[in-house]
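Protein chains get the first letters and strands the later ones, always in sequence-line order, with residue 1 at the start of each.
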Amino acid sequence: MQQKYDFKTIEEKWQKYWEERKIFKTDIDQEKEKFYLLEMFPYPSGKLHMGHVRNYSIGDVMARYYTMRGKNVLHPMGWDSFGLPAENAAIKNNIHPNKWTWDNISEMRSQLKSLGFSYDWDREVATCHPDYYKWMQWIFIQFFNNGLAYKKQNPVNWCPSCNTVLANEQVVDGQCERCSTPVGKKDLEQWYLKITDYAERLLDDLKLLEGWPNKVKIMQENWIGKSIGANVDFKIAGTDRIMEVFTTRPDTLFGVTYMVLAPEHPYVKELTRDTEFEKDVDTFLDKLQHLSDLDRTSGKYDKEGLFIGHYAINPMNSKEVPIYIANYVLMDYGTGAIMAVPAHDQRDFEFAVKYGIDIIPVVDPEDPEIDLYNLKEAFVAEGKMINSGEFNGLNNIEAIDKFIEYLEEKNLGKRTVNYKLRDWLISRQRYWGTPIPMIFCESCGWVPEKIENLPVLLPTDVVFTAKGDSPLTTSKSFKYTICPKCGGKGTRETDTMDTFLDSSWYYLRYVDAKNDEEIWDKLKAEYWMPVDQYIGGVEHAILHLLYARFFNKFLFDIGYAPSQEPFTNLLTQGMVLKDGSKMSKSKGNVVSPEDIIDKYGADTARLFILFASPPEKELEWSDAGVEGSFRFLNRVYRLVYELADLIKGASDNYEIKNTDDKELSYVLNSTIKKATEDMGTRFNFNTAISAIMVLVNELYRYKSLENLNLNLLKHSVKCLVLMLSPFTPHICEEMWQHLGNEQSLYFENWPKYDEDALVRDEIEIVIQINGKVKEKTYVTSGLSKDEFLEKVMENEKVKVLLEGKEIIKIIPVPDKLVNIVVK
RNA sequence: GCGGUUGUGGCGGAAUCGGCAGACGCGCACGGUUGAGGGCCGUGUCCGAAAGGGUAAGGGUUCAAGUCCCUUCAACCGCACCA
């Protein structure tokens, strides 16, 4: 160990040491409790950014900490390496996506290594590798064979810039999640996964996820969007057609004054054909179709509609009400048709006011403030049923069940549940993704490729045109094949899979990453799964985390995943900001991890990131703060360098000899206690580090004293190095070695604290009068309430303060405080 | 509009169960070391001369509130015509 803290030499030395000895390699060990720690794997864009560094620093501290606590920690890393940027780079720079991607992976892998993260690299996966996507295709075929993958023609979200379709989850504010281009509609035949079959379980099992942030659970709950209600049949007068609507408010059936069909509803054309309404309807539809989703849903959304010349018959009272089409009714939710109750639904109210339609109240709020027959807005709260025949007088909430019973009895409708969640559109018209292993045969229809023929390899003879068709269609070798079922002519599906499929199961593959016989050994999955701690950005709250739960549940159902849920605990780390906003090239406020590592070293970078803010919160980047962290490491380094010779011969058993010893021992043990609690239960690394800083300050005080207790000092310094090691492993290894240890500290135990050392003889207590602090004094610790009070009352200042006052009440909190209430 | 989160010194943040608000760090000031600068070591640093006041604003509960309850405001995030 040199006198000066030379982080470059030290970090290279120890990274090499760890790698050569395969320190971080993990295997099943039935003797030990397992701990599966996972950070979201990155897309190999080329360079790590600060968000990655934060994510992986948090993970690495936890991995190292749990290892020191005796857990068998699985800590893998890999690459979410299919995706659009590789293909765009191919078009732009004429580099094959494959080369572009693998170059980026090796660049980023070496960056991760330069940060000293404790990954078991033997388990590395890359989703673009045939060894991985082979099993992706295998899973797809399992979905297909279980009736959960299907192809259907539908108007789909289309990004004109990415030239591909998008899942609902990938449309954000009517724009493409990736490139922010407004999303349009296109009628295409596409593959879907039936995630809706799992809607109820995905919702229900959120209850099992006690270790997830509430925020994420609420977001998923809202996204799944369960509504309970009834489907009700309305006859269309003068036809044999039935208009089926979904409502969550069957209690308001008597208040229906009009009906609405979604403009795209098949009945609309049928009912208006060859009538005076046909022309207006066509104009209306035409206008709607030229609006993008963005325009249709954004802004003031003026409600607009059109009467189509037909009437529906209310099944409750046989009243005829007009049927409209309107822009606010969606085809792809419920039945694509609604009953409108203006008195008790705000949207219907606005529409009714605009078009002069009757407003009939059926729920009475019994509130003199509200004029029921002259409403200013819809009344949506609870009340008493009126104008509703035999249901009058009931509470409307209780009436809902009565209405449904009535409808079911008369065969006019039934109890129904609806979800906002839609099936997952997974086809992409792009090259750099997993080929969908399906073959179309004129006589057999869609047939999956035989398992023994997997993987269906991505062809290399393709042209990157970015024209809207999948580049796979340009391959001569790929498209034509034989039908696996009848042996006749077959054509391959040329679309590839949404890359979110690849990342929906990678955590399972890590348990047996190199297996080419099966997707993984079930016994290995049994040992390691579920992931005990998952760490990543909150931006994945819906997309990735919902898809991964869905995949895991499906794999559980077919016997491959051992648990219902994949991730027991989830930590969503906050963003890294600079000058109050997210680092981005366009804002020019990007701080490059490489530069920081170069200037201060990986240990400083890690320390600063963990010290500046608790993991869930946003982190404001501060160059001065980085300097501070660097200064602290230098301070620790000098301390150890200075003391190492002095304590070389000392023993690990120490005795407390004087008050200074006692003080050091107190600070040491309370630091261990605080750090242990902060790391293991709260993940508040910032306060754990600040506790360690307090210990360092105390050691500086102590070492300047005379008659040092070398045994105690040695013990303290060792504990300091061990506690700091999960945060800044390189410098700690170096100091550990300098203190005379031969083995890496990676397998050392986390220090234990001594409860007895935390008891102080005298404690400073606070004396309050009427809740205000008036005096601080020292008393013997551990006194009973009476003894404690007696001591307080002996205090001279208290006596003076209480003179001439009447004591009303005394609240003693021994070892802490007393509050005396006086008049 | 609905749902959620957050508001504490000049700054990042701490206060974990309702019990001393501001730990720790940054910045700043001063002192020591040094020929000087840097570095390092140390002291001080919420406001106020003091009594006292102070955790977005206002109210409430309590012996005691940054913490619990109500109202308002601001910022951020998610969803957004889902019947």
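- Among the protein residues, A/K217 comes within range of no part of the nucleic acid, since none of its heavy atoms lies under 4.0 Å from any strand.
- The side chain of A/R682 places no N or O atom within less than 4.0 Å of a non-bridging phosphate oxygen (OP1 or OP2) of B/A14.
- Here the NZ-CD1 distance, from A/K791 to A/I767, works out to 12.0 Å after rounding to the nearest 0.5 Å.
- If you check every strand for non-hydrogen atoms under 4.0 Å, A/G225 touches nothing.
- In this structure, A/F685 atom CZ and B/G25 atom P are separated by 20 Å, rounded to whole Å.
- The phosphate of B/C41 has OP1 or OP2 within less than 4.0 Å of a side-chain N or O from A/R635.
- Every residue meeting the salt bridge (charged side-chain N to carboxylate O under 4.0 Å, His left out) condition with A/E200, not counting sequence neighbours, appears here in chain and number order: A/K226.
- The side chain of A/P614 approaches B/A14 more closely than any other nucleotide in the set B/A14, B/C40, B/A83.
- A/N697 comes within 4.0 angstrom of the backbone, heavy atoms only, and of no base.
- Within the nucleic acid shown, A/S227 comes within 4.0 Å of sugar-phosphate atoms alone, with no base atom in reach, counting heavy atoms only.
- Taking OG1 of A/T196 as the reference point, atom CZ of A/R422 lies at 10.0 Å (rounded to 0.5 Å).
- Remark: the separation of the C1' atoms in B/G53 and B/A21 is 13 Å, to the nearest Å.
- With sequence neighbours excluded, the residues forming a side chain to side chain contact (heavy atoms under 4.5 Å, CB included) with A/H540 are A/M40, A/H544, listed by chain and number.
- Ring pair A/Y637/A/Y641 is parallel by interplanar angle, where below 30° counts as parallel and above 60° as perpendicular.
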- Test ring-ring contact (aromatic ring centres under 6.0 Å, His included) applied to A/Y324 and A/F351, step by step: CA-CA 11 Å; A/Y324 284 74; A/F351 191 85; 5.4 Å; yes
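- Picking from B/C41, B/A83, B/C77 the nucleotide with the shortest atom distance to the side chain of A/Y700 gives B/C41.
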Please write out each protein N/O paired with an N/O of nucleotides 43-47 of chain B under 3.5 Å, distance rounded to 0.1 Å.
none

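- Atom CG in A/N684 sits about 7 Å away from atom P in B/A14, given to the nearest Å.
- Under the side chain to side chain contact (heavy atoms under 4.5 Å, CB included) criterion, A/D660 pairs with A/N658, A/R701, A/Y702, A/L705, sequence neighbours left out.
- Between A/Y328 and B/A83 there is no side-chain polar atom (N or O) within less than 4.0 angstrom of OP1 or OP2.
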Considering only nitrogen or oxygen atoms on both sides, find all protein atoms under 3.5 Å from nucleotides 53-55 of chain B and state each distance.
none

Pair up each side-chain donor or acceptor in residues 816-823 of chain A with any protein partner under 3.5 Å, not counting sequence neighbours, and list the distances.
| unit_1 | atom_1 | unit_2 | atom_2 | d |
| --- | --- | --- | --- | --- |
| A/N819 | OD1 | A/G771 | N | 2.9 |

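- Going from atom CG of A/L577 over to atom C1' of B/G13 covers 14 Å, rounded to whole Å.
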- Message: For nucleotides 18-23 of chain B, give me one character per nucleotide, 5' to 3': B if any protein heavy atom sits under 4.0 Å from the base, S if the only such contacts are to the sugar-phosphate, - if neither.
- Response: -BB--B
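- Near RNA chain B, meaning a heavy atom under 4.0 Å from it, residues 413-422 of chain A has A/K420, A/R422 in order of number.
- Between A/R631 and B/G39 there is no side-chain polar atom (N or O) within less than 4.0 angstrom of OP1 or OP2.
- For the pair A/E677 CD and B/A14 P, the computed distance is 16 Å after rounding to whole Å.
- Remark: A/F683 pairs with no residue by the ring pair (Phe, Tyr, Trp, His ring centres under 6.0 Å) rule, at least two apart or across chains.
- Qualifying side chain to side chain contact (heavy atoms under 4.5 Å, CB included) partners for A/K217, counting only residues two or more places apart in sequence or in other chains: A/L206, A/L209, A/W212, A/N214.
- Residue A/F683 contributes atom CZ, which lies 20 Å from atom P of B/G13 at whole-angstrom precision.
- Between the P atom of B/G12 and the CG atom of A/L610 lies a distance of 19 Å, rounded to the nearest Å.
- Between the P atom of B/G42 and the CZ atom of A/R701 lies a distance of 12 Å, rounded to the nearest Å.
- Applying the salt bridge (charged side-chain N to carboxylate O under 4.0 Å, His left out) test to A/D603 and every residue at least two apart in sequence or in another chain returns nothing.
- In RNA chain B, the stems built from three or more successive Watson-Crick or G-U pairs (distances below 3.5 Å) are B:1-7 with B:73-79, B:10-12 with B:24-26, B:27-33 with B:39-45, B:56-60 with B:68-72.
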